[in-house]
Engineer: 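One structure, as structure tokens, below. Some questions next.
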Amino acid sequence: MGNKNSTHGMPSISDIQSSLGLQSPTQVVKEELAEERDPSLARVIATAGTGTDYTKNIAGLKLLPIGSAFYTSSGALRTVGITGVIHAAIGSISREGKGLTPTLFSVSNCVRNCLTLAKRNNHQKVALPFIGGMLFLQRTGLDPEVLARAVIRTAIEAKGRHLEVRLVTFGEEHTNLFQSILMEFLAQPQYSEHTSSISVCPGDITKFETHGCDVIVNAANMEGRFFGGVSGAIALASQNAAAIDKEAAKIVAAFISAYLSSQRA
């Protein structure tokens, strides 16, 4: 029987969370990752949790694994204190299907892999937007609150003790939503130790003064290139989007080569 808050036969948020396993701590099964064979590649890409959805067919399309993340330079943003950009491969820009269409799981995986890359590159603070909450939201078919809970919970659980996370929101609605959910999580004993190391920062993620972080997360795609929304804003602020896209293309090619080699091994 569903939660008493359900109406008109529709599942409540808690029903959805329960069915997706979001009411118990998330667990990542240890897997062999293609990038772990090359330390230099591991510094620029993280693909934990993506193995079951990534196939040779998807690699043949020159796409990254759904839920992965990769790290590039930041162009002109470096001059204002933002030295790196971590790109979240939430889903494909236009392709649909298993391992291509963005899901709640791919968004959560992206958050986890983005924070992994921040730590691998020795960053102490990372600015994280509402990834999946803009251009991809309609395609996921999710309620914004369910998605926000997944983003925030994964960030709390994946950040560790030393990494600080600034949840950058745009607009009063998302800001209020994030603040409410974050307060709810931090009130729970298992998360209370993170009170001083994760917070909501309304404003423009490309402005260092918004969040004080030297690395920001871009809500990107499996194609590994700038697109619209937050991604377009970051591309514009970098003043060097074409060069960063070329840098990303090299990372995509290097990962696919490593992946195909691991499949032949």
Side-chain angles (χ1 to χ4, degrees), residues 33-50 53-54 56 58-80 82-95 99-102 106-107 109-123 126-129 131-132 134-136 205-206 213-262:
L33 306 176
E35 69 268 21
E36 289 183 343
R37 298 173 177 225
D38 181 351
S40 63
L41 187 58
R43 286 181 63 85
V44 295
I45 190 165
T47 66
T50 67
D53 286 329
Y54 198 59
K56 291 181 180 179
I58 295 178
L61 296 173
K62 297 183 179 180
L63 300 176
L64 289 168
I66 191 169
S68 63
F70 63 96
Y71 184 101
T72 69
S73 58
S74 59
L77 288 170
R78 172 175 285 275
T79 64
V80 298
I82 299 171
T83 61
V85 179
I86 302 173
H87 308 260
I90 305 166
S92 172
I93 294 173
S94 58
R95 297 178 185 273
L100 297 167
T101 305
S106 72
V107 171
N109 241 10
C110 278
V111 172
R112 187 177 297 109
N113 282 318
C114 285
L115 300 191
T116 293
L117 284 178
K119 288 181 276 192
R120 285 180 185 172
N121 286 276
N122 301 315
H123 292 285
V126 57
L128 179 70
I131 62 173
M134 299 294 285
L135 296 180
F136 280 121
I205 198 168
T206 68
C213 301
D214 61 354
V215 65
I216 62 176
V217 171
N218 171 31
N221 46 70
M222 296 167 65
E223 284 79 0
R225 63 176 184 266
F226 285 119
F227 195 51
V230 172
S231 183
I234 294 173
L236 183 63
S238 76
Q239 299 179 28
N240 205 14
I244 294 174
D245 274 346
K246 287 182 180 179
E247 183 182 349
K250 291 180 180 179
I251 294 170
V252 173
F255 171 78
I256 291 174
S257 177
Y259 167 77
L260 293 176
S261 293
S262 71

Engineer: Grab the two heavy atoms, one from Ser68 and one from Cys110, that are nearest each other, plus how far apart they are.
Structural biologist: O-SG, 3.5 Å

Engineer: Of all the heavy-atom pairs spanning Gly132 and Val107, show the shortest one and how long it is.
Structural biologist: CA-CG2, 4.4 Å

Engineer: Mind checking what makes side chain to side chain contact (heavy atoms under 4.5 Å, CB included) contact with Thr79, not counting sequence neighbours?
Structural biologist: none

Engineer: For residues Thr50 and Gly67, report the shortest heavy-atom separation together with the two atoms involved.
Structural biologist: CG2-C, 3.8 Å

Engineer: Enter the distance from Gln239:CD to Ile244:CD1 here, rounded to the nearest 0.5 Å.
Structural biologist: 10.5 Å

Engineer: The criterion is side chain to side chain contact (heavy atoms under 4.5 Å, CB included); which residues satisfy it with Thr206, sequence neighbours excluded?
Structural biologist: Leu77, Asp204, Ile234, Ala237

Engineer: Under the 3.5 angstrom rule, does the side chain of Asn113 hit a backbone N or O of Ala48 as a donor-acceptor pair?
Structural biologist: yes

Engineer: In chain order, what residues pass the side-chain hydrogen bond (donor to acceptor under 3.5 Å, both in side chains) check against Thr116, with sequence neighbours excluded?
Structural biologist: none

Engineer: Identify the two heavy atoms, one from Glu223 and one from Ser94, that lie closest to each other, and give their separation to 0.1 Å.
Structural biologist: OE2-N, 4.2 Å

Engineer: Measure the spacing between CD1 of Ile82 and CD1 of Ile205 and express it to the nearest 0.5 Å.
Structural biologist: 8.0 Å

Engineer: Restricting to ring pair (Phe, Tyr, Trp, His ring centres under 6.0 Å), what partner residues turn up for Tyr54, sequence neighbours left out?
Structural biologist: Phe255, Tyr259

Engineer: Please answer whether the main-chain N or O of Ser257 pairs with a side-chain N or O of Ser261 as donor and acceptor at a distance below 3.5 Å.
Structural biologist: yes

Engineer: Quick one: list whatever passes side-chain hydrogen bond (donor to acceptor under 3.5 Å, both in side chains) with Ser231, sequence neighbours left out.
Structural biologist: Asn218

Engineer: Nearest 0.5 angstrom please: Ile66 CD1 to Asn221 CG, how far?
Structural biologist: 11.0 Å

Engineer: Measure the spacing between NE2 of His123 and CD1 of Ile86 and express it to the nearest 0.5 Å.
Structural biologist: 6.0 Å

Engineer: Which atom pair, heavy atoms only, marks the closest approach of Ser262 to Ala34?
Structural biologist: OG-CB, 4.3 Å

Engineer: Which residues pass the side-chain hydrogen bond (donor to acceptor under 3.5 Å, both in side chains) test with Asn240, sequence neighbours left out?
Structural biologist: none

Engineer: Quick one: list whatever passes salt bridge (Lys or Arg N to Asp or Glu O under 4.0 Å) with Asp53, sequence neighbours left out.
Structural biologist: Lys98

Engineer: Can you confirm whether Met222 sits close enough to Ile58 that some side-chain heavy atom of one is under 4.5 Å from a side-chain heavy atom of the other?
Structural biologist: yes

Engineer: Could you grab the distance from atom CG of Leu117 to atom OH of Tyr71, nearest 0.5 Å is fine?
Structural biologist: 9.0 Å

Engineer: Could you tell me whether a side-chain N or O of Thr83 sits under 3.5 Å from a main-chain N or O of Asp214, the two making a donor and an acceptor?
Structural biologist: yes

Engineer: Closest approach of Ala42 and Arg120, non-hydrogen atoms and distance?
Structural biologist: O-NH1, 2.7 Å

Engineer: Please list all pairs meeting side chain to side chain donor-acceptor pair (under 3.5 Å) that have one or both residues in residues 241-250, counting only residues at least two apart or in different chains.
Structural biologist: Ser73-Glu247

Engineer: Please enumerate all residues that pass side-chain hydrogen bond (donor to acceptor under 3.5 Å, both in side chains) together with Arg43, with sequence neighbours excluded.
Structural biologist: Asn121

Engineer: Only counting residues at least two apart or in another chain, list the ones meeting side chain to side chain contact (heavy atoms under 4.5 Å, CB included) with Arg95.
Structural biologist: Leu61, Leu63, Ser92, Leu100

Engineer: Could I get the full list of side chain to side chain contact (heavy atoms under 4.5 Å, CB included) partners for Ala241, not counting sequence neighbours?
Structural biologist: Phe226, Ala235, Ser238

Engineer: Nearest 0.5 Å, please: how far is CD1 in Ile90 from CG in Asn109?
Structural biologist: 12.0 Å

